[in-house]
Amino acid sequence: MGVRVTVLYFASLRDAAGQDAETFVTEAPDLRALYLELRARHGFPLPVERVRVAVDGEFAHWLDAPREGAEIAFLPPVSGG
Amino acid sequence: MGVRVTVLYFASLRDAAGQDAETFVTEAPDLRALYLELRARHGFPLPVERVRVAVDGEFAHWLDAPREGAEIAFLPPVSGG
Amino acid sequence: MRKRFTLAPTPFDTATLRAELLDARVGAYASFEGWVRDHNEGRSVRGLRYEAYARLAEAEGERIMEEALARFDILDARCVHRVGDLARGELAVWVGVTAAHRKAAFAACRWIIDEVKARVPIWKHERYADGEAGWLHPGP
Amino acid sequence: MRKRFTLAPTPFDTATLRAELLDARVGAYASFEGWVRDHNEGRSVRGLRYEAYARLAEAEGERIMEEALARFDILDARCVHRVGDLARGELAVWVGVTAAHRKAAFAACRWIIDEVKARVPIWKHERYADGEAGWLHPGP
């Protein structure tokens, strides 16, 4: 029984994924597992240790479970300023 | 045998002296003695320890002797900025 | 509520932003501006692009401004960060801080730009004169 | 030679001064402005007057700017200090510093205003709302 999520990709992760976002059903038990799964699929250059995760516009924890309808963003190291 | 000098007064020293500048002949052996003399005459509020002295537009030393034709400025503690 | 942190998709005017911060209580105004240089780490830069996760960037930027107001003895603060394509010589980020005294204004201004660079989800993509380009993802 | 430190007998425009400092090498611009507040040490201020020993103030100000260029990894710096009568809400002093990176820009900007306040022969005369007035001669 999976949950439907939308995942947003930024910067080098978007380049690797070839898209800004995708919506799909996942059975990953937590956000970390989801990232590892997507990393394998898209060939993300960044290991999970260098990425942060946000859900619905707020920073989240890697061990949080994906929620139905969530907007999940994987955030590479930032370089504003 | 004195030397003719012009002395400039600023801020509280000018208020006490009642003038911006005065030119006179002094026999004071050094700038410190000159200040003490003028302090007695004009009732300057500041002891010599709180004042700096400049000659011809550059900081000078209290033990320098007054030179003929010099422009001597007594500088109260500054408060710009 | 007036927002203190903003993402700007187009060039913005710092004189107007500064004027909005000034009032009769202000004794000190400190500002910082980050500009697109012609070189970065020895390479000739042609231009760059800032991309943001806008929703979180605005929330996190606003938190930084609120934290600055709590941490420092300042009157107010603002930060604007450009997103989109920037040419060399364009303004990338501006921080303005007002305070009664200069020490707090400087400290808060410095703190805000450091926090914005460290925490706000904005990414820089640089294009170099030699044709190469890439995302900057600073290491730990 | 372009002067880096100037006394201004009339209000001056910081946007023009800032524009003169910016070029393609600039990555960071830090600025500081001192404004006439409505209060100082608990007293309501009506206005003030800055008086300078102009000849020495300009020489000493210029030395401070040259020292800043030698001490810090900056590209350029300017400082303008008002003299004469100022009302509440008027700009008293401006410092602008450009550098490749922000750390040096902030450090030099802070250093310059501190040195100007400590070393340049300028005196502030404050007039208070209660009718009193006086010169500020900070103690040791």
Tell me which donor-acceptor pairs under 3.5 Å the side chains of residues 131-140 of chain C have, and how far apart each pair is, sequence neighbours excluded?
unit_1	atom_1	unit_2	atom_2	d
C:Trp135	NE1	A:Asp15	OD2	2.8
C:His137	ND1	A:Pro77	O	3.0
C:His137	NE2	A:Ser12	N	3.4
C:His137	NE2	A:Ser12	OG	2.7

What verdict does the ring-ring contact (aromatic ring centres under 6.0 Å, His included) test give for D:Phe32 and C:Phe106, after you've listed the backbone C-alpha separation in whole Å, the side-chain angles of each residue and the deciding distance to 0.1 Å?
CA-CA 8 Å; D:Phe32 174 78; C:Phe106 272 115; 5.3 Å; yes
Suppose we screen for side chain to side chain contact (heavy atoms under 4.5 Å, CB included). Which residues come up paired with D:Ala118, at least two apart in sequence or across chains?
none
Heavy atoms only, distances under 4.5 angstrom: which of D:Ala105, D:Ala28, D:Gly34, D:Ala24 has the most pairs with chain C? Name it, please.
D:Ala24
Residue-level contacts of residues 76-101 of chain C with chain D, using a heavy-atom cutoff under 4.5 Å:
C:Leu91, C:Ala100, C:His101
Comparing C:Ala30, C:Gly27, C:Cys109 against chain D, the one with the most heavy-atom pairs below 4.5 Å turns out to be C:Gly27
Does atom CG (C:Asp13) have a neighbourhood of more than 12 heavy atoms from anything else shown, all under 6.0 Å?
yes
Stepwise side chain to side chain contact (heavy atoms under 4.5 Å, CB included) check, C:Val26 with D:Glu33:
CA-CA 10 Å; C:Val26 173; D:Glu33 299 177 14; over 6 Å; no
What pairs meet the side chain to side chain donor-acceptor pair (under 3.5 Å) rule with one or both residues in residues 105-115 of chain C, with sequence neighbours excluded?
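Side chain to side chain donor-acceptor pair (under 3.5 Å) check on residues 105-115 of chain C returns C:Arg110-C:Asp114, C:Asp114-D:Arg102, C:Glu115-C:Arg119.
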Minimum heavy-atom separation for C:Trp35 to D:Leu22, with atom names?
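In terms of heavy atoms, the two residues are closest at CZ2-CD1, 3.3 Å.
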